[in-house]
Structures are given as structure tokens and as C-alpha cells.
Amino acid sequence: MQALQLKQTFKTNVADIYALSGDDEGMILFALEKFYALIPSDMRDYCVQKFEGNDVSQNDVIAALSYVSMFGDRRLVIVEDYSKKLSLQESEAWLDYADNIVEGNILVLVNCPTIKSALSQYVVEVDCNKMGLLDYVNYIQTLFNYYKIKYDKSALSAIVNRCNKDFGKINNELNKIMLYVGNDIVVDAGVIEDIVATDTETQVFEFIYAIQDGDYDKAMGIMDVLLKRGDKPSAILATLTLTFKRMFAIMTSDGGEDFLCESLGMKKNALFMAKKKIDATKRKVSGFLGKLKDALYYLYQLEFDFKSGRITQDNALDLAIIHLMGKTYAK
């Protein structure tokens with residue numbers, strides 16, 4: 001079963017044990033949201049329990065599943081990223097639970113191969129891998145039709161490609177598009193170019209926000225993804241510089257929106273989104289404008305050094321990352 005089919009499946013039948021597997025985090029989150037929706041929002045603090053990692057105690061999970069909900073008709077127990085081999089005793093405990101399931105309770109296994117294997121005959125498998133282009137296009141088309149959004153069919157594949165087939169990013173960009181076009185503007189290639197960031201631009205924003213939050217492992221993971229898929233260090237550096245240039249200009253310009261859009265090459269809807277992101281950043285980082293200015297000047301210098309042959313593009317990107325992590329956003 002594909003994650004997108006869950007909602008339709010729940011209309012007719014809700015099983016007891018599900019196994020979500022795949023590498024698309026956006027698709028996994030989408031699927032989990034469907035399970036959360038089965039529990040009334042005001043009951044989730046009492047009726048949802050989550051376990052994560054290989055240190056999870058099987059007995060604790062089974063005990064949580066064995067409780068009868070006191071606040072609703074079911075409990076939801078989620079286990080994520082458990083891959084440790086089960087002992088014979090643990091396997092038997094899982095089978096014993098499956099034979100005596102508490103009615104209404106739901107177990108969701110997220111990338112838990114060993115537990116899924118032990119319960120194979122009881123599990124409903126849910127595929128959360130990246131889909132094909134046509135599947136994503138059909139999903140977007142269905143969503144636009146439901147919300148009565150006018151669109152040009154050629155724009156649908158453009159959204160998917162700009163988001164690098166990442167379901168989470170696709171959903172984020174769809175929300176942005178529908179917020180600004182309403183049902184009066186046709187979503188065509190021009191709208192996609194104005195509103196939907198290329199995947200590199202999106203990843204660079206996420207890289208900056210990860211540094212801002214002090215999550216350097218996440219930041220380096222994003223950079224690793226960009227480099228491994230073939231983005232050139234020079235292109236990443238240029239995107240970093242452009243991003244900081246736009247942020248600095250938006251914060252310091254006395255001109256109106258028309259002036260900013262013309263000078264930065266941005267449409268008003270994209271400008272509005274950038275302002276929202278900058279406002280969120282300002283609330284988290286003290287002395288943000290000074291750090292932004294320092295970063296921008298340093299990135300300009302690195303680009304000059306690279307283009308003049310003083311350093312390689314790899315060295316320029318390495319120095320940019322070190323500077324941003326060490327001076328610009330460190331808390």
C-alpha cells in the first residue's frame with residue numbers, strides 16, 4: 001500500500017498493526033499525520049505514545065499497547081528506527097501480543113525491519129519511498145482540482161522536479177502556491193518560477209536555519225546531500241551569497257516592495273515569504289543584522305577569491321561553511 005492510499009483505506013477499515021518503510025521523510029510524515037488524525041486532537045497527549053531507537057524496551061512497547069484507552073476508542077503507539085535483532089523471547093512476546101490484540105489500539109512501525117519480520121502475518125505494509133513523476137503529478141492534480149485551483153498541466157511536473165521528488169517539500173510548496181494564487185490565477189510555468197524555489201535554494205535556506213538553531217549535524221547533512229547529487233561547490237556558494245544578499249537588502253532597504261522586487265529580481269509573493277523567514281530568524285538570533293552583514297561581505301570576498309583563481313571552488317565553499325558555523329549564527 002502506498003502512503004497516499006491510507007486516508008481512503010481508513011474510510012473502510014482500520015487495521016491493528018502497520019509497518020511504514022521507505023526513505024522519503026516527507027512521505028513518512030504524511031503517513032503519520034493520517035494516523036494522528038485517527039485520534040481526536042484533544043486526546044492525543046493521553047492516547048499517543050512514541051518510542052524511538054534501538055534502546056527501546058520491547059516490554060514497554062507491548063505494555064503501552066496493552067492498555068485500554070480511558071479517553072477514547074483507541075490508543076496509538078509508534079515505534080521508529082528499531083533495527084536490532086530480536087531474541088527468541090522478544091519475538092514470542094510480539095506474537096503473543098498479536099494473538100491477543102487490545103481492540104482499537106494501533107501499532108505503527110516506522111523503519112523497524114526486525115519487529116515487522118516477527119509480525120509479518122499481521123502487518124499492513126505501507127510504502128513511503130519516493131514515487132514516480134506521474135504519481136506526484138497525479139497527486140498535485142487531484143489537490144488542485146479539489147481546491148478549484150486553475151493550472152497548466154506543464155506546471156505540475158515543474159513543481160516535482162524543482163522539489164527533487166521530495167514529498168515533504170512538494171507539500172510545502174503546494175501550500176505556498178495555493179495561498180497566493182487562490183482560484184483567480186492560473187498556476188503555470190511563470191508562477192512556478194516565481195514562487196517555487198529550486199531544490200538547491202530550498203536546501204540552502206534549510207542549511208542556514210539549521211546553523212541558526214545550532215544543529216550543525218543537520219546542516220552538514222544538507223550540504224552532503226547537495227554535493228553527492230552533483231551540485232557544484234561554486235553553484236552552492238553562489239546560492240548562499242544570493243540568499244544573504246536578498247536577506248540583507250530586505251532588512252536595510254527604505255524602498256517599497258516594488259523597488260525591492262525590481263532590484264532583487266523577486267516577485268511580491270516570493271518577497272513576502274522571504275520577509276516571513278527573516279522575521280522568524282530575527283526573533284531567534286541576537287545582533288542578526290550585524291551577523292548578516294559580516295556573512296555577506298565574507299561570501300562576496302570568497303566568490304572574488306575563487307573567480308580570480310586564488311582558491312579552488314571546494315576551498316571557497318569549505319571556508320564559507322566554517323565561517324557561517326563559527327561566527328555568523330552560533331548561539
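Values reported hereafter were calculated over all heavy atoms of this structure, with side chains retained and with hydrogens, waters and symmetry mates removed. Positions are given from 1, in the same order as the sequence printed here.
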Can you find a side-chain donor-acceptor pair between [X] and [Y] that sits under 3.5 Å?
X      : Y      : answer
Asp16  : Tyr97  : no
Gln301 : Asp305 : yes
Asp152 : Ser154 : yes
Tyr122 : Asp99  : yes

In this structure, which one of Leu226, Ile236, Leu302, Thr312 forms a side-chain contact (heavy atoms from CB on, under 4.5 Å) with Leu317?
->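 With Leu317 as partner, side-chain contact (heavy atoms from CB on, under 4.5 Å) holds for just one option, Ile236.
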
Can you tell me how far apart [atom1] ([X]) and [atom2] ([Y]) are? Round to the nearest 0.5 Å.
X      : Y      : atom1 : atom2 : result
Ile39  : Arg44  : CD1   : CZ    : 8.0 Å
Met223 : Asp318 : CE    : CG    : 9.5 Å
Leu156 : Asp188 : CG    : CG    : 11.0 Å
Tyr300 : Thr241 : OH    : OG1   : 7.5 Å
Leu88  : Glu92  : CG    : CD    : 4.0 Å
Met43  : Arg75  : CE    : CZ    : 13.0 Å

Close side-chain approach of [X] and [Y], heavy atoms under 4.5 Å:
X      : Y      : result
Leu324 : Phe244 : yes
Lys84  : Val56  : no
Glu90  : Thr114 : no
Ile17  : Ile101 : yes
Met27  : Met131 : yes
Phe167 : Ile28  : no
Leu237 : Leu299 : yes
Tyr139 : Leu174 : yes

Could you please spell out the steps behind the side-chain contact (heavy atoms from CB on, under 4.5 Å) verdict for Leu133 and Asn161?
-> CA-CA 8 Å; Leu133 175 63; Asn161 289 327; 4.2 Å; yes

Full working for side-chain contact (heavy atoms from CB on, under 4.5 Å) between Ile177 and Ile159 | CA-CA 10 Å; Ile177 290 169; Ile159 297 171; 3.8 Å; yes

Report yes or no: do [X] and [Y] belong to one cluster of Ile/Leu/Val/Met/Phe/Trp/Tyr joined by side chain heavy-atom distances under 4.5 Å?
X      : Y      : value
Leu109 : Val124 : no
Phe51  : Leu29  : no
Val61  : Tyr82  : yes

Side chain of Asn105, backbone of Tyr67: donor and acceptor closer than 3.5 Å?
->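 Yes, Asn105 side chain to Tyr67 backbone: donor-acceptor pair under 3.5 Å.
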
Glu303, Gln313, Lys307 screened by side-chain hydrogen bond (donor to acceptor under 3.5 Å, both in side chains) with Ser234, the one that passes |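 Only one of Glu303, Gln313, Lys307 forms a side-chain hydrogen bond (donor to acceptor under 3.5 Å, both in side chains) with Ser234, namely Gln313.
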
Can Ile311 and Leu319 be said to form a side-chain contact (heavy atoms from CB on, under 4.5 Å), step by step?
-> CA-CA 10 Å; Ile311 57 177; Leu319 289 170; 4.3 Å; yes

What heavy-atom pair brings Arg74 and Gly104 nearest, and what distance separates the two atoms?
->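 In terms of heavy atoms, the two residues are closest at CB-O, 2.6 Å.
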
Leu65/Val102 under side-chain contact (heavy atoms from CB on, under 4.5 Å): CA gap, chis, key distance, verdict | CA-CA 7 Å; Leu65 284 162; Val102 174; over 6 Å; no

Got a sec, which residues hit ring-ring contact (aromatic ring centres under 6.0 Å, His included) with Phe144, two or more places apart in sequence or on another chain?
->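 Partners of Phe144 by the ring-ring contact (aromatic ring centres under 6.0 Å, His included) criterion, ordered by chain and then number, come out as Tyr151.
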
Pair Tyr18-Phe35, ring pair (Phe, Tyr, Trp, His ring centres under 6.0 Å): steps then yes or no = CA-CA 10 Å; Tyr18 293 82; Phe35 287 102; 4.9 Å; yes

